Participant: 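Attaching a single structure in structure tokens format; questions to follow.
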Protein chains: 2
Amino acid sequence: MKKQERQNIIRQLLADHEIKKQEDFVNLLKEKGVDVTQATVSRDMSEMQLLKVPAQNGGYRYSMPPQKTLNASRKLQQTISDSFVSMRTQDNFIFIKVIPGSGPVVANLLEQMAFPEVFGTLGDDSSVLVICTAETAREQLETKINQMLQFN
Amino acid sequence: MKKQERQNIIRQLLADHEIKKQEDFVNLLKEKGVDVTQATVSRDMSEMQLLKVPAQNGGYRYSMPPQKTLNASRKLQQTISDSFVSMRTQDNFIFIKVIPGSGPVVANLLEQMAFPEVFGTLGDDSSVLVICTAETAREQLETKINQMLQFN
DNA sequence: CTTGAATAATAATTCAAA
DNA sequence: TTTGAATTATTATTCAAG
């Protein structure tokens with residue numbers, strides 16, 4: 001198992017679980033057949049710049065880095081607001097209609113964001129298909145997209 | 001010294017210093033005449049939802065929470081892009097000219113962002129004055145504003 | 001309700017090894 | 001270069017007290 005594969009799995013785990021400490025990652029990885037120690041997870045966190053953030057209820061959880069994707073985020077917000085036509089969802093999928101020509105840009109920006117919910121994206125001239133990692137992930141991403149559209 | 005005063009000071013300290021651990025706060029607070037222990041700082045961090053983020057160079061630093069201000073951030077980015085005319089700076093001050101009518105909105109949004117660099121803002125019809133906590137803080141904020149303007 | 005002292009829990013790093 | 005074991009450093013929490 002290579003480091004990068006493990007880090008991909010960590011990203012997925014983050015999308016589907018409330019991770020409160022590094023040992024949670026150790027255990028979840030073990031379930032997936034990946035045997036590593038807390039030390040390794042700590043290094044992964046550092047490399048991936050994952051954050052331990054104080055939650056509202058007083059606990060803690062790990063989360064994706066925010067700044068790294070902020071510029072892509074702004075571009076995406078703007079682009080998707082400008083080009084959005086409609087959105088449909090089903091299972092793991094989000095299907096977005098955009099004005100002709102914008103499909104590839106939006107799909108690319110969605111990729112760049114490296115949302116943990118996103119398994120992959122595909123954009124043709126006027127459509128974007130987003131394949132999510134799970135149905136719950138799809139719901140989360142749907143919410144995010146709706147939030148983006150709120151600010152035109 | 002009330003808790004809230006201390007937390008305000010912590011916000012300021014965050015703007016001017018590279019804080020790597022909670023004890024740094026303890027020491028800097030001591031310099032300011034505020035005597036507290038790491039335990040108290042830990043509680044403050046939790047309440048303020050301050051983050052310990054892995055830095056690029058491999059170290060760690062504390063930082064303001066990102067999500068909380070994300071919507072204001074989008075609005076600000078958009079509004080400032082749309083209304084920006086010019087910007088001048090001096091000492092702790094940033095003086096932004098905007099198209100008539102936009103001053104108060106931009107000033108308000110800047111407030112809402114709760115940037116640690118910002119001491120206060122003032123907006124008239126077509127101008128926004130931002131008073132920063134320090135000259136270094138002003139430089140940092142200037143950079144942020146320039147980044148916002150990059151995406152029109 | 002807030003705090004410090006002490007402690008427990010968690011995370012980062014060192015060091016040897018492969 | 002990457003890792004685990006052990007260690008150290010750091011952070012969170014408990015518990016008693018103001």
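Only heavy atoms go into these numbers, but all of them, side chains included; no hydrogens, no water, no symmetry mates. Because the structure is a prediction, the values reported are computed rather than measured. Chain identifiers are assigned alphabetically (A, B, ...) following the order of the sequence lines, protein sequences preceding nucleic acid strands; residue numbering begins at 1 within each chain.
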Participant: Calculate the interatomic distance between K3(B) atom NZ and dC1(C) atom P; express it in whole Å.
Facilitator: 10 Å
Participant: Verify, without hydrogens or angle tests, whether Q49(B) (side chain) and P54(A) (backbone) share a donor-acceptor contact under 3.5 angstrom.
Facilitator: yes
Participant: Provide the closest heavy-atom pair for V98(B) versus D125(B) in the form atom of the first, atom of the second, distance.
Facilitator: CG2-O, 4.4 Å
Participant: With the sugar-phosphate defined as primed atoms, P, OP1 and OP2, and the base as all remaining atoms, what B/S/- string results for nucleotides 9-15 of chain C, 5' to 3', for protein heavy atoms under 4.0 Å?
Facilitator: -SBBBB-
Participant: Determine to 10° how strongly the helix from dC1(C)-dG18(D) to dA18(C)-dT1(D) is bent, judged from the axes of its five-pair ends.
Facilitator: 30°
Participant: Test K97(B) against every option in S127(B), S83(B), S102(B) by the side chain to side chain donor-acceptor pair (under 3.5 Å) rule and name the one that passes.
Facilitator: S127(B)
Participant: Report the distance from atom CD of Q4(B) to atom C1' of dT2(C), rounded to the nearest whole Å.
Facilitator: 14 Å
Participant: What is the separation between atom CG on L29(A) and atom C1' on dT3(D), rounded to the nearest whole Å?
Facilitator: 14 Å
Participant: Is there a continuous path of hydrophobic side-chain contacts, each under 4.5 Å between heavy atoms, that joins I10(B) to F119(B)?
Facilitator: no
Participant: For R11(A), give me all partners under salt bridge (charged side-chain N to carboxylate O under 4.0 Å, His left out), at least two apart in sequence or on another chain.
Facilitator: none
Participant: To the nearest Å, give me how far apart CD (Q49(B)) and P (dA12(D)) are.
Facilitator: 13 Å
Participant: Under 4.0 Å, counting only non-hydrogen atoms across every strand here, what does D35(B) touch: a base, just sugar-phosphate, or nothing?
Facilitator: sugar-phosphate
Participant: In whole angstrom, give the distance that lies between atom CZ of R6(B) and atom C1' of dG4(C).
Facilitator: 12 Å
Participant: Got a donor-acceptor contact below 3.5 angstrom from the R138(B) side chain to the D91(B) backbone?
Facilitator: yes
Participant: Between D44(A) (CG) and dT3(D) (C1'), how many Å, whole number?
Facilitator: 11 Å
Participant: Say whether S81(A) and Q77(A), considering side chains only, have a donor N or O and an acceptor N or O under 3.5 Å apart.
Facilitator: yes
Participant: Is E142(B) reaching over with its side chain to a backbone N or O of I94(B), donor-acceptor style, under 3.5 angstrom?
Facilitator: no
